[in-house]
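Here's the structure we're looking at; comments come further down.
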Amino acid sequence: MSYLSEEQLYRNYLEFFETAERKRRWNVFDDLPWELAERTRHNADLALCAETFCGVESYMPDYVGEGLNLFRDSFGQAWWHVNWGYEEAKHALVLREYLVRTGQRTSRQMFEFEADLTKRRWKLPFPTIRQMICYGALQEKTTWMIYRRQLAAAREAGDELLASIYRFISRDEAAHGGFYLDAIGACLAEDREGTVADLHHVFSNFNMPAYDLVPDYESRIEVMRAVGIDRTVFLREVFLPVLSRLKVSRRELAKAAAREAEAGLRTRLPMDRKQ
Ligand SMILES: [Fe+2]
Ligand SMILES: [Fe+2]
């Protein structure tokens, strides 16, 4: 492991796991007011969003498989990754159960939807562990924000069952984001300049995972827009708070951007000379 010591990663993993086991675990079957399912008023927009998030979470085999290949030499990171995958799988399952038990989708429709999902594969967006840690922090914080907004929308629509589901999921997403932020903090302590460069690189090339892989994505976009996440919101509500929590200044980031631009220029120059 070239970025963080195994001792550090193991400590981070154990702390995350202990808190999850003692305080955060929830049960799909026992902890939700499923008795409300049959009385839930159907809401096409909320159901479409729930189905889309269920689709995104359902790429768990790719997230875990690709991640494990990258992290397999690190005990702390690999074990954390599997535990994280278990929690993401639960998110897909609970949203699926919600759609079927409320009668907004049939079981058959969900099997067909899932069969469609598996036709496409999610690939790692960045090649190094540290870049993926930076990506994880931004992705989890964005996901948390999206679920918090859906929680408010479900409450407003009077869907207490869906609101309870989003409450549990968003708590998990906050914990995932926290793990990555702690890992970035440790990376910064080890190699500040390199970590800031990775943060800048990931931010400049950031996209949420797998949304474009979900079937009929184009027709979902309109409703997804109501979720209200665009680049400005991402900058204001995700990236800047992440920087502030990490105590990385915008000036440091600008320096990293200048270095990246300079390095890009240097790598292009030999080609330029040939032309
Ligand atoms: Fe999730
Ligand atoms: Fe997550």
Side-chain angles (χ1 to χ4, degrees), residues 12-13 15-17 19-21 23-28 31-32 46 48-68 70-71 77-99 110 113-114 117 122 124-126 129 131-154 162-184 202 206-214 220 224 227 229 234 237-239 241-242 245:
N12 288 4
Y13 160 65
E15 207 181 292
F16 174 90
F17 189 61
T19 308
E21 293 285 290
K23 300 182 182 161
R24 196 166 49 75
R25 289 283 176 251
W26 54 280
N27 186 307
V28 172
D31 295 338
L32 289 157
L46 283 177
L48 189 79
C49 285
E51 185 189 64
T52 306
F53 303 139
C54 176
V56 172
E57 301 271 8
S58 297
Y59 279 95
M60 181 278 293
D62 292 342
Y63 303 145
V64 173
E66 296 261 338
L68 275 182
L70 187 66
F71 305 136
Q77 188 87 20
W79 262 244
W80 184 79
H81 201 67
V82 168
N83 186 77
W84 169 85
Y86 153 73
E87 296 190 3
E88 301 297 3
K90 214 156 74 170
H91 300 168
L93 177 70
V94 75
L95 289 169
R96 183 190 206 285
E97 284 296 304
Y98 164 80
L99 289 164
M110 291 312 292
F113 177 63
E114 283 149 6
L117 287 173
W122 178 83
L124 280 183
F126 297 96
I129 294 175
Q131 286 176 354
M132 282 308 296
I133 289 173
C134 295
Y135 179 74
L138 297 181
Q139 183 272 117
E140 294 289 350
K141 174 109 179 142
T142 310
T143 306
W144 171 80
M145 187 174 63
I146 290 173
Y147 281 131
R148 291 301 292 182
R149 286 178 179 213
Q150 287 296 298
L151 165 58
L162 188 57
S164 308
I165 289 172
Y166 283 137
R167 204 173 299 117
F168 279 123
I169 296 183
S170 58
R171 215 165 49 137
D172 287 351
E173 307 298 8
H176 300 165
F179 174 87
Y180 282 123
L181 284 173
D182 288 347
I184 299 176
V202 170
F206 181 82
N207 274 312
M208 281 297 280
Y211 275 81
D212 52 341
L213 301 181
V214 178
R220 293 172 193 273
M224 294 298 294
V227 174
I229 309 291
F234 174 69
E237 293 183 31
V238 175
F239 192 57
V242 162
R245 155 94 195 261

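Counting starts at 1 for both ligands and their atoms, in listed order.
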message: Restricting to N/O/S atoms, is Glu140 within less than 2.8 Å of the Fe ion (ligand 2) or not?
response: yes
task: Please state whether the rings of Tyr166 and Phe53 are parallel, tilted or perpendicular, taking 30° and 60° as the class boundaries.
output: perpendicular
- request: Mind telling me whether Phe126 and Tyr135 have parallel, tilted or perpendicular rings, with 30° and 60° as the class edges?
  value: tilted
- prompt: Between Arg148 and Ser170, is there a donor-acceptor pair closer than 3.5 Å when you use the side chain of the first and the backbone of the second?
  reply: no
message: Over 60° means perpendicular and under 30° means parallel, so tell me whether Tyr63 and Tyr59 are parallel, tilted or perpendicular.
response: tilted
- request: Would you name the N/O/S atom of His176 that lies closest to the Fe ion (ligand 2)?
  value: ND1
message: Nearest N/O/S atom of Glu88 with respect to the Fe ion (ligand 2), by atom name, please.
response: OE2
message: Salt bridge check, Glu237 against Arg149: does any charged N sit closer than 4.0 Å to a carboxylate O?
response: yes
- request: Starting from the Fe ion (ligand 1), look over the N/O/S atoms of His91 and name the nearest one.
  value: ND1
- request: Would you name the N/O/S atom of Glu57 that lies closest to the Fe ion (ligand 1)?
  value: OE2
- line: To the Fe ion (ligand 1), the closest N, O or S atom belonging to Glu173 is OE2
